[in-house]
Undergrad: 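Sharing a structure below in structure tokens format, with a few things to ask.
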Protein chains: 4
Amino acid sequence: MFILVNLKTYPCDPVAVAEAVADVDETTDARLAVAPQAADIARVADTGVETWAQHVDPIDHGSNTGHTLAETVADAGAVGTLVNHSECRQKLADVDGAVRAAERAGLETVVCANNPSQVGAAAALGPDAVAVEPPELIGTGTPVSKADPEVVEGAVAAAGSVDDAVSVLCGAGISTGEDVAAAAELGAEGVLLASGVAKADDPAAALSDLVASQ
Amino acid sequence: MFILVNLKTYPCDPVAVAEAVADVDETTDARLAVAPQAADIARVADTGVETWAQHVDPIDHGSNTGHTLAETVADAGAVGTLVNHSECRQKLADVDGAVRAAERAGLETVVCANNPSQVGAAAALGPDAVAVEPPELIGTGTPVSKADPEVVEGAVAAAGSVDDAVSVLCGAGISTGEDVAAAAELGAEGVLLASGVAKADDPAAALSDLVASQ
Amino acid sequence: MFILVNLKTYPCDPVAVAEAVADVDETTDARLAVAPQAADIARVADTGVETWAQHVDPIDHGSNTGHTLAETVADAGAVGTLVNHSECRQKLADVDGAVRAAERAGLETVVCANNPSQVGAAAALGPDAVAVEPPELIGTGTPVSKADPEVVEGAVAAAGSVDDAVSVLCGAGISTGEDVAAAAELGAEGVLLASGVAKADDPAAALSDLVASQ
Amino acid sequence: MFILVNLKTYPCDPVAVAEAVADVDETTDARLAVAPQAADIARVADTGVETWAQHVDPIDHGSNTGHTLAETVADAGAVGTLVNHSECRQKLADVDGAVRAAERAGLETVVCANNPSQVGAAAALGPDAVAVEPPELIGTGTPVSKADPEVVEGAVAAAGSVDDAVSVLCGAGISTGEDVAAAAELGAEGVLLASGVAKADDPAAALSDLVASQ
């Protein structure tokens, strides 16, 4: 399983969380990564943990102010990027452009989507993976794998029918090892996490529980 | 072939163009329709021509100011709607929401896209049709079917591989009957037109030429 | 006082509400108007009631699909338009462009804003009026004039210090004649209403109460 | 004069430009600063040059993915931020929110605007400075101070009439010391630069020319 911890703009210490993730990473077969804010990528990557960007813009080098260029986050140490997270929704043409920009810069891509039909659409754009996150479950602590298992199964089916090289992650409400195992059982090859680890009193302990079944 | 004339915000008389389209409609087997601005839908529909909306928002009845509700344009006389036109790009989640809203109101849907991969994504959302319009050709008078036939073939292939119930229209630069025939030959089941008819000195004559080969 | 009833995308009959407003208009010195959806402007204006648009885009005649052109809503019968309603927020440059477009088409303008500093900014763009509507009070039934009278006073002061030709309306939560009187006392020259009239069982009765003190 | 060099997403080496700026800074009374991409702020600030962000979002700590939090860019070493650059236009309410967020994080603010009326609006939001940049001149090499001196004078007048504590910068097309002097003569207290320095073969030489008259 691929476990990607999104630090959002939480008031956590990104380096401390990254170090906790790096520590747990040595104890598990699961693949772990952290997605800090753009301005924190370099110091998070310096911890040695696998580092992702939270977003890239559908742009190239040029006259773009205030944008996130794929090459720049890659230079800072990111190896992948989220695209179209529900807190950073992009236009359809820009999701396509962001996936192209990420590919150009050598970044792996996970395109987020709300439901199976959007997962199918995202898969048609050729990312490495898609993540299904029903917006109403984000941050609730109720895992989509329990609240709405058909959504995960539907997402796996939708992605597979469009392009079976695209794997499916499952987000929204994942906080325990049981949730991770349930997601895997439904066909997900990874999970997106956020508050469950980033806002935990002890991120390493929270993550250890998550990967215990891996 | 389905020939949809988008009036955009051109300074044309929408009723005069609609009447010209209605006249030509009686002389051809092609299916003709006109897409005026929202505020002009009722008087265009009153001419008896098939009337489409240019856009609907991914909303339901409720607290939405300045938005276009699918039910309202349907009540005004529209039977279909463009979604995600390149001059009105929507977020991926909102393209999905707009298609759902249009379905709910009984409107036929054509989702626009720039290139084959976006056409595949649009098809995954389950509209009635997708339209491929490379933005760089819109308004040029150079038809995509001539400038870039692989784009049309690629769009037909992309839509077909995702959902073969979704037909493909071809936009951008169509202005002659020859262009329409070329589009059909590449697998398109219709064309999106705008300035070629709406800004013509004699819209009926322009349209007659377009449908001559049908 | 100017009383502007925003019909949003409520499931009301816009003509029935317009007729109710027209009836009450004959009984009061207050100025009454109705803002329906764009596709309903013509039939609402046909009732003889003063009709406003809910939104216009910062555009001119040309290649704009799915947009609302000021001239088109004016031709349909609108005499004014809301700009930047909190349910249809626009970029600063586009608020400016929309006010310019509305002026060009002869439409009166009310630019909406959340708080006194944004009211000052809106006033600097030279509209006819600004409306202050704290987003957290919209649709609550708790009038801003009671919940937060300093917001209304602050808005009147902010607009006045930038351009004293710009009048101030007060929105959010207004539903009784007492609320209207309180807004007037705080310096507002009008109110924005929505659900209080548009969703009332008897819109004419609701409106009669609102204007009773005028 | 305040000279702020915006590195946009140019393919320059941000550290090399920053070091050039730092070198010139020691030779002049002008105040010099550099605005790199968010992911480059820390390493640019490490050179000792005054560092600015290109953008901040109107958000606080919390569930925001892919956004730029004012506190995070401040922690990385930024002391100020552009807001509403013409390549990153924000909604009016979000310009206000971004100025508030920047203040909260102790960042100085320059709000960009296209024309004098928008400059007045921006000034009403209480930033430290506003910058007037007619979009049609950005990147042209034709300075606004020469092409359209009334725009600069109008911006100075508009800002002053709203809040005389807000200073005015002048952007778009500035590339020589003569342009800087002309801007100062028209009342500007600084300039926004980009390609003239960031894309110069010898950034230090370009900048030395710019500050020669200071």
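Any value given below was found using the heavy atoms of this structure, including those in side chains, with hydrogens, waters and symmetry copies removed. Source: prediction; values computed, not measured. In what follows, chains are A, B, ... by sequence order, proteins preceding strands, each numbered from 1.
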Undergrad: Taking every heavy-atom pair that is under 4.5 Å apart, which of D:Ser86, D:Cys88, D:Pro11 has the most such pairs with chain A?
TA: D:Pro11
Undergrad: Using a cut-off of 6.0 Å, state whether more than 12 heavy atoms not belonging to D:Glu178 lie near its atom CD.
TA: no
Undergrad: Which bit of A:Leu7 comes within less than 4.5 Å of chain D, counting heavy atoms only: side chain, backbone, both or neither?
TA: neither
Undergrad: Hey, could you give me the OG1/CG distance between A:Thr65 and D:Asn6, rounded to the nearest 0.5 Å?
TA: 4.0 Å
Undergrad: Side chain, backbone, both or neither: which part of A:Asp75 has an atom under 4.5 Å from a heavy atom of chain D?
TA: neither
Undergrad: Hey, which of A:Ala39, A:Ser63, A:Ala38, A:Ala42 has the most heavy atom pairs under 4.5 Å with chain D?
TA: A:Ser63
Undergrad: Quick one: do A:Lys8 and D:Asn64 satisfy side chain to side chain contact (heavy atoms under 4.5 Å, CB included)? Show the steps, please.
TA: CA-CA 5 Å; A:Lys8 303 194 177 185; D:Asn64 309 289; 5.7 Å; no
Undergrad: With chain A as the partner, which of D:His85, D:Gln54, D:Arg43, D:Glu87 has the greatest number of non-hydrogen pairs under 4.5 Å?
TA: D:Glu87
Undergrad: Is it the backbone or the side chain of D:Asp60 that comes under 4.5 Å from a heavy atom of chain A, or both, or neither?
TA: backbone
Undergrad: Quick check for you: among A:Lys199, A:Glu71, A:His67, which has the greatest number of heavy-atom pairs under 4.5 Å with chain D?
TA: A:His67
Undergrad: Is D:Ile41 close to chain A through its backbone or its side chain, or both, or neither, when contacts mean heavy atoms under 4.5 Å?
TA: neither
Undergrad: A:Thr9 side chain to D:His61 main-chain N or O, any donor-acceptor pair under 3.5 Å?
TA: no
Undergrad: Scan side-chain atoms only and decide if D:Thr72 and A:Gln37 contain a donor-acceptor pair under the 3.5 Å cut-off.
TA: yes
